[in-house]
> 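Here it is, the structure in full.
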Amino acid sequence: MDMGLKGKVAVVTGGSRGIGLYTARALGAEGARLALCARNADGLEAAAESLRAEGVADVLTVVCDIAREDGAARLIEATRNRYGRLDVLVNNVGGNRRGTFEETNDEDWLDIIQLNVLSGFRASRLAIPLMREAGGGSIIFISSVFGREKGGPGLSIYNTTKTALISAAGIMALELAKDGIRVNCVAPGSIQFPGGSWDRRVQANPEGMREFVKANLPLGRFGRADEVADVVTFLASERASLITGACLAVDGSQGRSLV
Ligand SMILES: NC(=O)c1ccc[n+]([C@@H]2O[C@H](COP(=O)([O-])OP(=O)(O)OC[C@H]3O[C@@H](n4cnc5c(N)ncnc54)[C@H](OP(=O)(O)O)[C@@H]3O)[C@@H](O)[C@H]2O)c1
């Protein structure tokens, strides 16, 4: 199946590991030209080198903190300077700060809103004119199974910010349909990869994690980053031309939401 991504320019925030790196790999394998960011320069360069070694010709790296106000501007500006166009934006960076609602303070909320929500909103605002110029585009937010339903005690900040992405993407999809720009979310379940948070938990508490898998993951295993990346790549592609304003669960039925 031709995905129609050859020569297209794709920005992936947080492209040095996990879902971001696998998404970059999948988009690159379809012939997309890439722009990736992360804070750690060595990790980002190592990821870019591994992609180049796999045959991805164009990989631009931009070291920046996307949670800062100037982060998205630096990334999108560098992409425009290098490639002169932008077709796909994957807002992948995100994080968590655990604590009961009562324990959280304004600083916790503002930090994670900057990281999970505003980083992608700023990048999207800057990407939209470039996508319009290119005749259309695809914006994808990486939400979570816990953006679609209650994640449980201690997750109010994560849950709220991941839900906000789904809500905003739905409205953006309505507003940008006339420009041929599709806006969607992907909601991964628990995804294990080396160096990721679930992998650390498995190393620290293998028995506890076996119980977690048994109780929560119907397929009897964690998800893999490439399984999420394939869905993101599909949404980025022309093959998903009728999908906008959607949130696709990639969670092996970990989530119990009916919508
Ligand atoms: N893994 C899961 O089970 C899971 C489940 C549901 C949803 N998600 C969501 O999927 C997304 C990716 O998570 P992940 O677990 O694959 O990866 P991750 O371990 O959180 O790494 C994310 C990537 O983002 C970069 N990054 C983090 N903070 C950044 C910042 N402020 N500015 C620029 N780059 C930054 C990291 O590089 P540096 O550290 O060098 O900056 C890394 O390349 C997140 O939004 C997460 O909430 C993950």
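Each ligand, and each atom within it, is numbered from 1 in the order the structure gives. These numbers come from a predicted model, not from an experiment.
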> Of the side chain and backbone of Ala47, name the one, both, or neither that has a heavy atom under 4.0 Å from an atom of ligand 1.
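The answer is neither.
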
> In Å and rounded to the nearest 0.5 Å, what is the CG to CG distance from Leu118 to Leu110?
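Spacing of CG (Leu118) from CG (Leu110) equals 9.0 Å.
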
> Short list, please: which atoms of ligand 1 are under 4.0 Å from a heavy atom of Gly18?
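Reading through ligand 1 atom by atom, the close ones are 16 (O).
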
> With heavy atoms of Ile191 as the reference, note each atom of ligand 1 found under 4.0 Å away.
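Near Ile191, meaning under 4.0 Å from one of its heavy atoms, ligand 1 has 1 (N), 2 (C), 3 (O).
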
> So is Arg25 actually on top of Tyr22's ring, under 6.0 Å and inside 45° of the axis?
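Yes, Arg25 sits over the ring of Tyr22.
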
> Below 4.0 Å from ligand 1: does a non-hydrogen atom of Ala187 turn up there or not?
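Checking ligand 1 against Ala187, which is what was asked, there is no heavy-atom contact under 4.0 Å.
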
> Report yes or no: does a heavy atom of Phe222 sit under 4.0 Å from some atom of ligand 1?
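No.
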
> Check each heavy atom of Asn92 against ligand 1 and say whether those closer than 4.0 Å belong to the side chain, the backbone, both or neither.
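Asn92 to ligand 1: contacts from backbone and side chain alike.
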
> Should you measure from each heavy atom of Ile142, which atoms of ligand 1 turn up under 4.0 Å away?
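Listed by number with element, the hits are 9 (C), 10 (O), 11 (C), 45 (O).
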
> I'd like to check which ligand 1 atoms, numbered from 1 as shown, lie under 4.0 Å from a non-hydrogen atom of Ser144.
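So the atoms of ligand 1 that pass are 6 (C), 7 (C).
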
> When you look for heavy atoms under 4.0 Å from ligand 1, do you find them on the side chain of Ser143, its backbone, both, or neither?
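Answer for Ser143: backbone.
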
> Among the heavy atoms of Tyr158, does any lie under 4.0 Å from an atom of ligand 1?
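Right, Tyr158 reaches ligand 1.
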
> Short list, please: which atoms of ligand 1 are under 4.0 Å from a heavy atom of Ile19?
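Checking each atom against Ile19, I get 10 (O), 16 (O), 48 (C).
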
> What part of Ser190 sits under 4.0 Å from ligand 1 if we count only heavy atoms: the side chain, the backbone, both or neither?
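Just the backbone.
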
> Within a reach of under 6.0 Å around CD of Glu211, are more than 12 heavy atoms found that belong to other residues, nucleotides or ligands?
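Result for CD/Glu211: enclosed.
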
> At a 4.0 Å threshold, what atoms of ligand 1 neighbour a non-hydrogen atom of Asn40?
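With Asn40 as reference, the close atoms of ligand 1 come out as 40 (O).
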
> With heavy atoms of Lys162 as the reference, note each atom of ligand 1 found under 4.0 Å away.
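That gives atoms 44 (C), 45 (O), 46 (C), 47 (O) of ligand 1.
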
> If you take the nearest heavy atom of each of Gly189, Ser119, Ser197, which one is closest to atom 4 (C) of ligand 1?
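Among Gly189, Ser119, Ser197, the closest heavy atom to atom 4 (C) of ligand 1 comes from Gly189.
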
> Give the atom numbers and elements of ligand 1 that come within less than 4.0 Å of a heavy atom of Cys64.
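Atoms satisfying the 4.0 Å criterion: 32 (N), 33 (C).
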
